[in-house]
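Fair warning: this is a prediction, and the values are worked out from it, not measured in the lab. Computed from heavy atoms alone, side chains included, the values below leave out hydrogens, waters and symmetry copies. The first residue of the sequence shown is numbered 1, and numbering continues consecutively from there.
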Amino acid sequence: MFRRGCSPAGWLDFGGAVPERESEIRVYAIVRSGGRQHKVAVGDIVEVDKISTAKVGDTVELSTLLVVDGDAVTSDPWVLAGIKVQAEVVDHHKGQKIDILRYKNKTGYRRRQGHRQQYTAIKVTEIPAAAK
């Protein structure tokens, strides 16, 4: 469990992240984009499925599923319906290539196909606070 020469109190010496203040307020949201869910905070750059209608520099709104503001957690769908996370489009690019290989034994059937998913990089600029 602990590395040799390391006391239980000193386990963070090996690369553990420590917040500067324990009472530091963390604000983040879970948003939906392209059928997937992403955890985002202000300033994060997130890679989502391509948003074809947006150009670089445009502002997009993402629907919110959950907002955490310190100790306050908002998950009520009626409240979240009015909360949209604001993000700016940074880049459109393709992901890494994946190879699809199909093979059937003893029949000479072989098929090779490649795919590169298209992504949009967005930078989260604002997470509005939930009405209390």
Test item: Arg112 and Asp99 side chains (from C-beta on) under 4.5 Å apart, heavy atoms: yes
Supply the atom-to-atom distance Asp91 CG to Lys123 NZ, rounded to the nearest 0.5 angstrom. 13.5 Å
Under 4.5 Å between side-chain heavy atoms, counting indirect links through other Ile/Leu/Val/Met/Phe/Trp/Tyr residues: same cluster for Val40 and Val68 or not? no
Same apolar cluster: Val67 and Val79, side chain cutoff 4.5 Å: yes
In Å and rounded to the nearest 0.5 Å, what is the NZ to CD1 distance from Lys84 to Ile127? 14.0 Å
Specify the closest pair of heavy atoms between Ile100 and His115, including all atoms of both residues, with the distance to one decimal. CD1-CB, 4.1 Å
Does Val90 belong to the same Ile/Leu/Val/Met/Phe/Trp/Tyr cluster as Ile51, with side-chain heavy atoms less than 4.5 Å apart forming each link? no
Locate the shortest heavy-atom distance separating Lys94 from Tyr119; write the atom from each residue and the value. C-CD1, 4.4 Å
Output for pair (Asp44 CG, Ile122 CD1), nearest 0.5 Å, gives 10.0 Å
In the single-linkage hydrophobic clustering (I, L, V, M, F, W, Y; side-chain heavy atoms under 4.5 Å), do Leu65 and Tyr28 co-cluster? yes
Minimum side-chain heavy-atom gap Val27-Val42 below 4.5 Å: no
Main-chain N/O of Ser52 paired with His92 side-chain donor or acceptor, under 3.5 Å: no
How long is the gap from CG on Leu66 to OG1 on Thr64, to the nearest 0.5 Å? 9.5 Å
Shortest non-hydrogen contact from Ile45 to Ala121? CG2-CB, 4.3 Å
Taking all atoms of both residues into account, what is the closest heavy-atom pair of Ala54 and Val60, and its distance? CB-CG1, 3.9 Å
Exactly one of Lys50, Glu47, Arg116 clears side chain to side chain donor-acceptor pair (under 3.5 Å) with His93, and that residue is Glu47
What are the two closest heavy atoms between Ala29 and Val85, and how far apart are they? CB-CG2, 4.2 Å
Would you indicate whether the side-chain heavy atoms of Arg36 and Val48 approach each other to under 4.5 Å? no
Any side-chain heavy-atom pair of Gln86 and Glu61 under 4.5 Å: yes
Here the gap from Glu88 atom CD to Glu126 atom CD, rounded to the nearest 0.5 Å, amounts to 13.0 Å
